[in-house]
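Data first, discussion second: the structure below is written as structure tokens.
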2 protein chains.
Amino acid sequence: MTDSNRPPDATQVGRPFDRSRDALILDVTLDLLAERAYDRVTLDDVAARTGKAKTTLYRRWATKDDLVLAAIHSIGLPPEIEQLPDLGSLRSDLLAVVDSPWLGGPDRRLALFSGLTSAARASERIAGAVRAEVTEPYGETYRRLLTRAIDRGELSAEMAARVPIVADVIPAMSTHYLTAADRPAQRDFFVAVIDDVVLPALQVGRG
Amino acid sequence: MTDSNRPPDATQVGRPFDRSRDALILDVTLDLLAERAYDRVTLDDVAARTGKAKTTLYRRWATKDDLVLAAIHSIGLPPEIEQLPDLGSLRSDLLAVVDSPWLGGPDRRLALFSGLTSAARASERIAGAVRAEVTEPYGETYRRLLTRAIDRGELSAEMAARVPIVADVIPAMSTHYLTAADRPAQRDFFVAVIDDVVLPALQVGRG
DNA sequence: TAATTACGCTACTCGTTAGTAGCGTAACCC
DNA sequence: GGGTTACGCTACTAACGAGTAGCGTAATTA
């Protein structure tokens, strides 16, 4: 199970298991993963920053991997995947996703992706969870925006074949920038990716 | 210094310091970094796989970081940056770089990039070396190919402004694929990136 | 041969981190 | 109140990994 150790007991007696603490712990775990690589995030760190005892963490999750898996699971889908922004043009829709506050906005989102990537290298279970619960849904958001632009005639139907690969350009360039430069990408970088790569790649033969 | 501890002594006496061992050790270090994240590569691993004693490693490099820095330094420039392939079209030139045997060919090159990225998160010195000696020169190779295509009239001169960002698409998509999928990218993926993203992005208004 | 230095080996120190044990106290049910 | 369970705390174990010490041996120069 990705989730907690101890399912809430129906015939409760004694001090109740305080589930409301979980959210704070998982948030702090993600914060730390946004700051440092997986191997440099210790459970002592998590305990210190949450103000909880390390034993309290282990009462909820059996291992560090389980804690991180639960944290990943707590992320949830990007809001845009449920309610795709419709601002009238593909360009503004893409920018809306770029500017989305999902996972704390562009900067923290990127830093977190980086931390999750390092976690993925440490465990096959985590790698699977990151792909299924973060990378995939985020890519899906872009794919849907592109497909919808075709549906409403903003793009030629011939571009449908390119959608899967072009949709990955923004996430790919974001993380690449993190490696290639020594600072998080600014907004004008994303604007350039959209205006100089994504949109042109979908408009050949139109002008 | 990025390089070895002990400079070869001019007034040599006694058993000579065998510099020829360095290359093997650095190669094995890169091999291991292509397999696992930085924190999971131990000097005991390096010693075991090289067949050398751990003390022999420490006689050459003072710390693990120094060893990895030397390994990075040993990589050298991609051959294409010195002698850019000229196969008549931008498309074939790009594919030549994709297929280049630099760093052991596409698969190992990608795996190594991934390991170097993890190493970069562990130390600011390593991060700088990776950027300066690997990421930057590799990006530069693509930038030159694109610029040359403009120079020879294959692309419109108006595309010059896009060169820096479009040149990063191939490296970015490569590493992204490594995260998004659970296997290294196949050649047809790179072909698709070139045909569906890079070239179209540089040909708007031409058709 | 003697002197000198590199190498490989075994065994260590020391710091760090995952995970655990035990206890006093807090919060809940009856 | 009494019973029961969660929490926080301190302290621990066990493993692992960077880096070191010491010794016997190999390779070289004089």
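The sequence lines fix the lettering, A, B, ..., with proteins before strands; numbering per chain opens at 1. Because the structure is predicted, anything quoted here is derived from the model rather than measured.
Taking atom CG of A:D65 as the reference point, atom P of C:dG19 lies 8 Å away to the nearest angstrom. In this structure, CZ of B:R19 is placed 16 Å from P of C:dT5, rounded to the nearest angstrom. One can place NZ of B:K64 at 8 Å from P of D:dG19, the figure rounded to the nearest angstrom. Summarising the geometry, the separation between CG on A:L57 and P on C:dT20 is reported as 12 Å, rounded to the nearest angstrom. As rounded to whole Å, 13 Å separates atom C1' of D:dG19 from atom CG of B:L67. As a whole-Å value, the separation of A:W61 CH2 from C:dA18 C1' is 16 Å. Put simply, OH on B:Y58 is 17 Å from P on C:dC9, counting in whole angstrom units.
A:T117 has its side chain out of reach of A:T175: every pair of non-hydrogen atoms, C-beta onward, lies at least 4.5 Å apart. Annotation: side chain of B:L145 is not in contact with side chain of B:E80 (no heavy-atom distance under 4.5 Å).
At distances below 3.5 Å, not a single donor-acceptor pair connects side-chain atoms of A:R109 with backbone N or O atoms of A:L103.
Taking a cutoff of 4.0 Å between a charged side-chain nitrogen and a carboxylate oxygen, B:D86 and B:R152 qualify as a salt bridge.
Listed by residue number, the members of residues 38-56 of chain A with any heavy atom below 4.0 angstrom from DNA chain C are A:V41, A:T42, A:L43, A:K54, A:T55.
Considering only side-chain N and O atoms, B:R60 lies nowhere under 4.0 angstrom from the phosphate OP1 or OP2 of D:dG19. A:R59 has no side-chain polar atom (N or O) that falls below the 4.0 Å cut-off from OP1 or OP2 of D:dC7.
At a cut-off of 3.5 angstrom, counting only N and O atoms as typed in the model, there is no donor on one side facing an acceptor on the other between the side-chain of A:R15 and the base of D:dG3.
Every residue two or more places apart in sequence or in another chain that forms a side-chain hydrogen bond (donor to acceptor under 3.5 Å, both in side chains) with B:K54 is listed here: B:D44.
Side chains of B:D65 and B:Y38: a donor-acceptor N/O pair is present below 3.5 angstrom, by distance only.
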